[in-house]
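Everything on this sheet refers to the single structure shown next.
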Amino acid sequence: MALARIEELAYWYPEADRPALEDISFELEPGEVVCLLGSSGSGKSTLLRALAGLVPHFHGGQFVGRVEVGGRDTRQAKPSDLAGTVASVFQDPEDQVVFTIVENEVAFGLENIGVPPARIRDRALDALRAVGADHLAGRRTHELSSGELQRVCVAAALALGPALLLLDEPTSQLDPDGAEALLDYASELGCAVVVSEQRPALPLERADRVVFLDRGQVVLDAAREAALRWLAAERPAFLPREPVQLDADAGGDLLARLEGAAFAHGQRLLRVPDLELRRGEVVALIGPNGSGKTTLAKLVAGLLEPTRGLVHRSGRAAYLSQDPGRYVVAERVEEEVALGVGGDLKRARAALEPVGLQGYEHRHPRDLSSGERERLALAAVLVTEPDLLVLDEPTRGMDPERKLELAALLRAQAGDRGTLVVTHDLLFAADVADRVVSQEPMVVAVHA
């Protein structure tokens with residue numbers, strides 16, 4: 001018997017002029033691992049929300065068709081009714097966290113489904129251990145890096161022991177080792193897993209089946225081997241490949257230099273590597289979760305001043321955060337981009353074309369997919385024509401084809417500025433960067 005069944009599902013978000021999903025039908029069997037692929041805005045997140053009952057109960061809109069999970073019709077069963085059967089991890093871990101202490105956050109869901117109190121702590125710690133985050137159990141959630149927070153949210157879902165695990169970009173902010181360990185663990189749980197990923201190499205290795213969405217419709221639903229053949233013919237960017245070989249000649253004027261710099265996060269004093277960044281070069285910064293990459297990026301951009309050491313900057317800097325969608329303030333896409341150039345809508349519209357958002361000028365930014373919002377935020381910083389561009393996880397939520405386009409755009413404009421890219425996507429780093437700098441955790445002292 002199928003664990004979940006979708007029959008002729010169509011869904012429109014409130015006030016949307018076209019359906020986010022259209023004529024979707026398929027079944028999920030107990031224990032199978034499904035890799036859900038598609039371009040940004042194709043409907044992957046919406047499909048996961050439908051399986052969790054969030055569509056339509058939480059998001060509203062128009063819902064046509066039928067979704068059953070564990071024999072329960074999601075039109076009647078609320079998301080809370082499905083909590084013991086379905087567990088979800090969403091794209092934005094910051095929006096899922098409720099408690100200030102990590103262990104309490106993971107324990108919260110167990111309390112809600114009625115796990116005996118004597119068993120809750122052990123299950124919470126076991127789940128944290130499974131994702132390599134047991135050392136975070138006593139930490140405050142607001143002090144964690146985005147990657148560390150993503151591990152905590154995954155642990156909270158795993159702790160529930162669900163029959164169906166829904167993972168929406170679960171490795172978008174995880175370092176490569178963490179991403180591999182997480183997907184290994186999820187695929188060995190024995191529950192059904194649906195994982196939507198824009199770094200598809202790892203989930204494709206572990207999937208029994210692949211579903212590909214395009215404009216809200218299923219264009220591929222096939223076993224892994226057949227799916228790989230289809231992807232090779234139709235969407236090769238979604239398959240593993242060798243990185244682009246660069247022939248770069250950087251060496252312009254010095255725009256940023258870090259020497260012996262360290263910054264205090266609470267009682268932790270974090271040292272960052274010495275670094276120089278010059279006009280005409282793209283530098284990729286990689287490293288494990290919690291190692292201080294975002295701290296270094298903010299020091300370079302001038303958003304933080306070092307507790308120790310020296311940071312030198314020259315020219316105007318622009319910074320793109322890990323989750324730019326949290327800072328959207330305007331009602332229309334073109335207005336959001338125009339904020340940085342004194343409301344100049346003509347310049348804003350011109351900046352939308354290189355990031356593939358022409359025609360989106362009058363859309364509300366909140367109606368865009370995660371990957372589309374990432375590109376909107378990129379346009380909003382590029383339009384200011386900075387001397388120093390700092391991008392923190394710019395490919396989050398971005399499909400493989402858009403990543404190639406972004407790498408090409410940054411390479412084409414490399415001579416105009418110095419660019420620092422913080423990323424866990426090693427393939428993107430190799431495609432875009434003249435050189436790659438690796439940062440290891442360097443907590444040098446307890447700061448009193």
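None of these values were measured; they are calculated from a predicted model. All heavy atoms count here, side chains included; hydrogens, waters and symmetry mates do not.
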Note to self: Just to verify, which of Arg279, Glu276, Arg278 counts as forming a side-chain contact (heavy atoms from CB on, under 4.5 Å) with Leu255?
What the structure shows: Arg279
Check: Just one of Val152, Leu158, Leu174 clears the side-chain contact (heavy atoms from CB on, under 4.5 Å) bar with Val131, so which one?
Finding: Leu158
Does a salt bridge link [X] with [Y], judged by any charged N lying under 4.0 Å from a carboxylate O?
X: Glu281; Y: Arg435; value: yes
X: Arg129; Y: Asp126; value: yes
X: Arg75; Y: Asp73; value: yes
X: Arg151; Y: Glu148; value: no
X: Asp434; Y: Arg411; value: yes
X: Asp214; Y: Arg235; value: yes

Distance-minimising heavy-atom pair for [X] and [Y]:
X: Gly31; Y: Asp208; answer: O-OD2, 4.2 Å
X: Ala348; Y: Glu334; answer: CB-O, 3.4 Å
X: Pro288; Y: Asp175; answer: CA-OD2, 3.5 Å
X: Val106; Y: Ala127; answer: CG1-CB, 4.4 Å
X: Asp81; Y: Arg72; answer: O-NH1, 3.0 Å

Polar side-chain atom of [X] near backbone of [Y] as donor-acceptor pair, under 3.5 Å:
X: Glu22; Y: Gln217; value: no
X: Glu336; Y: Val329; value: yes
X: Arg316; Y: Glu385; value: yes

Next item on the list: Using a cut-off of 6.0 Å, state whether more than 12 heavy atoms not belonging to Arg332 lie near its atom CZ.
Entry: yes
Next item on the list: Mind jotting down which residue pairs meet the side chain to side chain donor-acceptor pair (under 3.5 Å) criterion with at least one end in residues 27-37? Sequence neighbours excluded, please.
Entry: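 Every side chain to side chain donor-acceptor pair (under 3.5 Å) pair that includes a residue of residues 27-37, provided the two are not neighbours, is Arg5-Glu27, Glu32-Arg209.
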Checklist line | Spacing of OG belonging to Ser80 relative to NE2 belonging to His57, to within rounding of 0.5 Å | finding: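 One finds 9.0 Å between OG of Ser80 and NE2 of His57.
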Check: So how far is it from Trp230 CH2 to Leu239 CG, rounded to the nearest 0.5 Å?
Finding: 10.0 Å
Notebook entry, point to check: Can you name the one residue among Glu197, Glu188, Glu180 that meets salt bridge (charged side-chain N to carboxylate O under 4.0 Å, His left out) with Arg206?
Noted result: Glu180
Next item on the list: Can you sort out the partners of Ser88 under side-chain hydrogen bond (donor to acceptor under 3.5 Å, both in side chains), two or more places apart, ordered by chain and number?
Entry: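 Ser88: no side-chain hydrogen bond (donor to acceptor under 3.5 Å, both in side chains) contacts found.
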Enumerate, atom names and distances included, each donor-acceptor pair closer than 3.5 Å involving a side-chain atom of residues 419-426, sequence neighbours excluded.
residue	atom	partner	partner atom	Å
Thr423	OG1	Asp425	N	2.9
His424	ND1	Gly287	O	3.4
His424	NE2	Gln173	O	3.3
His424	NE2	Asn289	ND2	3.1
Asp425	OD1	Leu427	N	3.3
Asp425	OD1	Phe428	N	3.1
Asp425	OD2	Lys403	NZ	2.8

